[in-house]
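None of the values given here were measured: they were computed from a predicted structure.
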Amino acid sequence: MNTIIAILMCLTTTVKHDFHTSITNAEYNPKTQSMEIAMKLFTDDLELTIKNKHEVILNLNSTNELPEADSLIYNYVIDNFAIQSGKKSVSPTFVGKEIENGITFIYLEIHSFPVAKELLVRNTVFFDTFDDQSNIVNIKLDGELESAFLKKGQETELVQF
């Protein structure tokens, strides 16, 4: 199922899409003791959400991109996404973004991530824009992969390794 969604998300968004799904991949790097996170979001959904929230047009991936686009995106993401290890919730730092074929890749990192066998995942990205939004979060820890499927009414999930 993840493969089908990934293929669909790679389609260009010049054609309106009828589904609203994001995929986030998080992997713990034991060498740096950090959680490396990559979010895949439809660019048009991201621009619409920021426009609705801040009444600005981002113009992503254009020569007219809003100078504060990265800051607006980062603030939106940290308000709507978290991985909590034990009782400790740490905000990720913004590493950067890339835009390709109508998909915005947002890269984040949580330094000194406290590893635990249970992680509480929250991802409400675009829940404020689309009633049918769903968010898949894949987490890889010590070679083990676990996933959370989040939607309105189920904004968090306890992932166990």
Side-chain angles (χ1 to χ4, degrees), residues 2-3 5-13 20-54 56-86 88-116 119-129 133-150 155-157 159 161:
N2 285 349
T3 304
I5 292 172
I7 290 169
L8 291 173
M9 287 189 72
C10 289
L11 297 174
T12 156
T13 57
H20 301 101
T21 303
S22 79
I23 299 176
T24 300
N25 294 311
E27 184 170 355
Y28 179 72
N29 184 332
K31 290 181 184 175
T32 61
Q33 295 183 337
S34 39
M35 185 66 77
E36 299 167 351
I37 303 161
M39 300 182 94
K40 299 176 190 175
L41 309 173
F42 281 113
T43 301
D44 60 341
D45 293 348
L46 179 59
E47 288 185 311
L48 177 63
T49 299
I50 298 296
K51 180 182 174 188
N52 291 345
K53 188 172 174 78
H54 296 286
V56 296
I57 299 173
L58 294 178
N59 291 316
L60 293 176
N61 210 28
S62 76
T63 56
N64 297 325
E65 183 170 300
L66 194 67
E68 58 269 18
D70 285 356
S71 176
L72 289 168
I73 292 168
Y74 172 68
N75 287 327
Y76 179 77
V77 167
I78 63 167
D79 285 346
N80 290 280
F81 176 81
I83 298 177
Q84 184 175 328
S85 179
K88 187 173 183 179
S89 184
V90 183
S91 291
T93 57
F94 183 77
V95 176
K97 74 174 183 325
E98 294 178 308
I99 300 169
E100 185 178 310
N101 297 323
I103 303 295
T104 299
F105 297 85
I106 299 171
Y107 303 104
L108 307 164
E109 187 171 11
I110 303 173
H111 299 282
S112 302
F113 186 79
V115 177
L119 302 175
L120 184 64
V121 178
R122 178 179 61 86
N123 189 344
T124 59
V125 168
F126 302 154
F127 285 7
D128 49 351
T129 305
Q133 178 70 34
S134 60
N135 298 319
I136 299 168
V137 181
N138 302 308
I139 301 174
K140 191 171 184 182
L141 182 65
D142 295 330
E144 237 183 291
L145 179 66
E146 295 294 333
S147 297
F149 182 79
L150 306 168
E155 291 86 8
T156 63
E157 188 171 320
V159 178
F161 291 89

For this session: Could you tell me which non-hydrogen atom of Glu144 sits nearest to which non-hydrogen atom of Phe161, and how far apart they are?
Result: O-CE2, 3.5 Å

Exercise. Any side-chain heavy atom of Tyr107 sitting closer than 4.5 Å to one from Met39?
Worked result: no

Exercise. Among all residues two or more places apart in sequence or in another chain, which pass the side chain to side chain donor-acceptor pair (under 3.5 Å) test with Glu65?
Worked result: Lys97

For this session: Using the test side-chain contact (heavy atoms from CB on, under 4.5 Å), find all partners of Ser134 that sit at least two apart in sequence or belong to another chain.
Result: Thr21, Phe149

For this session: Kindly compute the distance separating CG (Asp44) from NZ (Lys51), expressed to the nearest 0.5 Å.
Result: 12.0 Å

Problem set entry | Check: Asn59 main-chain N/O paired with Ser62 side-chain donor or acceptor under 3.5 Å | yes

For this session: Answer yes or no: is there a donor N or O on one side and an acceptor on the other, between the side chain of Gln84 and the main chain of Gly86, under 3.5 Å?
Result: yes

Problem set entry | Minimum-distance pair of heavy atoms, taken over all atoms of Pro92 and Tyr74 | O-OH, 2.6 Å

For this session: Rounded to the nearest 0.5 Å, what's the gap from OG on Ser34 to CD on Glu109? Could you check?
Result: 4.0 Å

Problem set entry | Contact summary for Leu60 and Glu47, nearest pair of heavy atoms | N-OE2, 2.7 Å

Problem set entry | Heavy-atom check, side chain of Val90 versus side chain of Phe113, under 4.5 Å | no

Seminar exercise, completed: In this structure, OG1 of Thr104 is separated from CD1 of Ile99 (nearest 0.5 Å) by 4.0 Å

For this session: Locate the shortest heavy-atom distance separating Arg122 from Ile78; write the atom from each residue and the value.
Result: NH2-O, 4.0 Å

For this session: Tell me, please, which residues at least two apart from Ser112 pass side-chain contact (heavy atoms from CB on, under 4.5 Å).
Result: none

Problem set entry | Check: Asn138 and Ile23 side chains under 4.5 Å, non-hydrogen atoms | yes

Seminar exercise, completed: Heavy atoms of Tyr28 and Gln33 approach each other most closely as OH-CA, 3.3 Å

For this session: Please tell me if the side chains of Thr156 and Val121 come closer than 4.5 Å, counting only heavy atoms from C-beta onward.
Result: no

For this session: Would you mind reporting whether Val77 and Ile106 have side-chain heavy atoms less than 4.5 Å apart?
Result: yes

Exercise. Once you round to the nearest 0.5 Å, how far does CG of Leu108 lie from CZ of Phe94?
Worked result: 7.5 Å

For this session: Applying side chain to side chain donor-acceptor pair (under 3.5 Å), name anything that partners Asn29, two or more places apart in sequence or on another chain.
Result: Glu36

Problem set entry | Donor-acceptor under 3.5 Å (Thr24 side chain, Val137 main chain) | no

Problem set entry | Qualifying residues under side-chain contact (heavy atoms from CB on, under 4.5 Å), relative to Gln133, sequence neighbours excluded | His20, Ser22, Phe126, Phe127, Phe130, Asn135

Exercise. Run the side chain to side chain contact (heavy atoms under 4.5 Å, CB included) check on Val115 and Leu141 step by step: do they pass?
Worked result: CA-CA 8 Å; Val115 177; Leu141 182 65; 3.9 Å; yes

Exercise. Which distance, rounded to the nearest 0.5 Å, do you find between the NZ of Lys53 and the CG of Leu48?
Worked result: 13.0 Å

Seminar exercise, completed: Residues pairing under salt bridge (charged side-chain N to carboxylate O under 4.0 Å, His left out) where one sits in residues 71-82, two or more places apart or in two chains, turn out to be none

Problem set entry | Between CG on residue Leu150 and CG on residue Asn123, distance to nearest 0.5 Å | 6.0 Å

Exercise. Should Ile83 and Leu120 count as side-chain neighbours, where that means a heavy-atom distance under 4.5 Å?
Worked result: no

Problem set entry | Any side-chain heavy-atom pair of Thr43 and Asn61 under 4.5 Å | no

Problem set entry | Partner of Thr49 by side chain to side chain donor-acceptor pair (under 3.5 Å), out of Asp128, Thr129, Asn80 | Thr129

